[in-house]
Amino acid sequence: MTERTVLIAQISDLHIKPPGQLAYGRVDTAVALERCVAALNEFRPRPDLVVISGDLADTPTVEEYEHLKRLLAQLELPFVSIPGNHDSREMMRAVFPHAFALRAGPLNQTIEIRELDLVLLDSSVHGKPHGELDAPTLQWLEKALAASPDRPALLFLHHPPFRAGIWHMDRQNLLNAAELALLVRRHPRVQLIATGHVHRAALTMFAGVQTTICPALNHAVDLDLAQLRQPSFKVEPPAFHLHSWFAGEGFGSVVTHQVPIGQYDGPHPFFGPDGKLL
Ligand SMILES: [Fe+2]
Ligand SMILES: [Fe+2]
């Protein structure tokens, strides 16, 4: 790893409740976030930034965001966030004023980290589970991408712009994905589109760009590809995504690692003191 490498940790779908309350009466999302924060604090080398890709709160209420703020106070890394369908722009602005200044409208922003640009898009639609990039956001994105055509850019938004094959999630993904695809195809500097919302890892190609879904820290949407069950969740191993951008030819390259959260056996050496494979 060189000094030019950029490491972005992505966590998603925190669904923080008021203290003492469980999500769906079953999942302690606060404990899940505490575990994740400890894992991020321990990870070496330290990521440059943590992106929280939506569904920070659950209902949402101010009490949930205040709880979230206390939990995130333990995080030793800088973080940014975008809203999901469980969020409120206004409450996020009020609780994290340093992050969003006093701008009105969608919480879109660009962040420069050395040679890399991050573009955070607000795909939330007030009161609706699906996502949509409204006209001002699409115009803003076109302008943001056109501003620095020679710099690589990673896009983050909550709602995946593709079908994951899980019927009840596919009807609430990014509704105007075709408009995003047209825009992305005009800007070859986009190297990754990173999303959340489905609470489980997936990857595909979208508009010629590698596109990912980050798993949740708490509960996963059941992988029901045949519409066998009512919408359901399972508590599966939690993880975060680590997007590593490496400088190189053209726009460089990006790889996404899925990092499990928890205590696992190891690391153990492959080789003994004599240098031979054990
Ligand atoms: Fe979610
Ligand atoms: Fe969501």
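The analysis underlying the following values was restricted to heavy atoms, covering all of them including side chains, and did not include hydrogens, waters or symmetry mates. Residues take their numbers from the sequence shown, with the count starting at 1. Both counts, for ligands and for their atoms, begin at 1 and track the order of listing.
The shortest distance between side-chain heavy atoms of Val198 and Asp13 does not fall below 4.5 Å.
Proximity of the aromatic rings of His159 and His130 is defined here by a centroid distance below 6.0 angstrom, and this criterion is not met. Ring-centre distance between His243 and Phe156: below the 6.0 Å cut-off. Between His219 and Tyr24, the distance separating the two ring centers is shorter than 6.0 angstrom.
Residues Lys17 and Asp28 are not paired through a salt bridge, judged by the lack of any N-O separation under 4.0 Å between the basic side chain and the carboxylate. One finds a salt bridge joining Glu76 and Arg46 here, because a Lys/Arg side-chain nitrogen approaches an Asp/Glu carboxylate oxygen to under 4.0 Å.
Listing protein N, O or S atoms at distances below 2.8 Å from the Fe ion (ligand 2), with waters left out, gives Asp55 OD2, Asn85 OD1, His158 NE2, His197 ND1.
When distances from the Fe ion (ligand 1) to the N, O or S atoms of His15 are compared, NE2 comes out shortest.
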